[in-house]
Amino acid sequence: KNEVEQSPQNLTAQEGEFITINCSYSVGISALHWLQQHPGGGIVSLFMLSSGKKKHGRLIATINIQEKHSSLHITASHPRDSAVYICAAGTGNQFYFGTGTSLTVIP
Amino acid sequence: DSGVTQTPKHLITATGQRVTLRCSPRSGDLSVYWYQQSLDQGLQFLIQYYNGEERAKGNILERFSAQQFPDLHSELNLSSLELGDSALYFCASSVEGRTANTGELFFGEGSRLTVL
């Protein structure tokens with residue numbers, strides 16, 4: 001069993017749709033990160049959360065510490081949102097990555 | 001541009017060899033992290049340095065070592081290379097680092113290592 005699990009693995013959406021990617025973790029955490037990796041390989045940090053909710057543009061990230069669950073929402077999705085979204089969580093030496101959610105947004 | 005610079009971008013070498021990957025963090029960032037992304041294991045945390053000292057150690061093999069220099073750049077040394085070491089190696093930096101992996105992370109573009 002992976003310490004950090006994401007769902008779905010793959011997601012195809014029409015432009016404009018509301019998208020949710022889920023992340024569940026089984027380890028104790030100091031922080032949870034949502035990362036975006038584009039086809040070229042580069043990684044961009046979208047959010048770092050330790051509690052509550054954060055919003056940046058069309059992206060919203062939430063975390064429920066009691067349920068050990070986080071969600072990444074994309075409102076009004078756009079083809080440029082097509083990427084792999086990776087959840088990562090842990091503390092200290094114990095830091096784990098999910099396997100990623102591959103998102104394709106079709107025009 | 002994240003402000004984190006990694007060199008080289010691509011590296012091809014043979015089994016048994018040794019390579020050094022270099023990372024320059026964003027100006028002002030004290031923490032440097034190293035991550036490995038391979039096809040079969042995904043992303044893994046290797047090691048973190050904060051202001052020159054090792055702060056956290058993840059799944060780093062004994063054949064691998066890292067250090068952070070007084071100017072805060074870091075090097076990841078990979079020795080006795082095996083085919084399975086072929087991967088993308090990412091460096092990230094953050095301002096914070098007292099608790100590992102809790103600061104906002106800024107990633108370099110990665111160094112792609114191919115071991116033949």
With under 30° as parallel and over 60° as perpendicular, where do the rings of B:Tyr35 and A:Phe95 fit, or are they tilted in between? tilted
Shortest non-hydrogen contact between [X] and [Y], atoms and distance:
X: A:Phe97; Y: B:Leu43; result: CD1-O, 3.3 Å
X: B:Phe107; Y: A:Ile43; result: CB-O, 3.3 Å
X: A:Met48; Y: B:Glu104; result: SD-N, 4.0 Å

With a 6.0 Å cut-off (strictly less than), is the heavy-atom count around [atom1] of [X], excluding the residue itself, greater than 12?
X: B:Leu39; atom1: CG; answer: no
X: B:Glu109; atom1: CD; answer: no
X: B:Arg112; atom1: CZ; answer: no

Contacting region of [X] [heavy-atom separation from chain B under 4.5 Å]:
X: A:Ile86; answer: side chain
X: A:Gln94; answer: neither
X: A:Ile29; answer: neither

Verify same cluster id: [X], [Y] (apolar side-chain graph, 4.5 Å):
X: B:Tyr49; Y: B:Phe64; value: yes
X: A:Leu46; Y: A:Ile19; value: yes
X: B:Tyr50; Y: B:Ile47; value: no
X: A:Val44; Y: B:Phe106; value: no

Heavy-atom distances under 4.5 Å only: say whether B:Gln41 touches chain A with side chain, backbone, both or neither. neither
Proximity breakdown for B:Gln44 and chain A, heavy-atom pairs closer than 4.5 Å: backbone
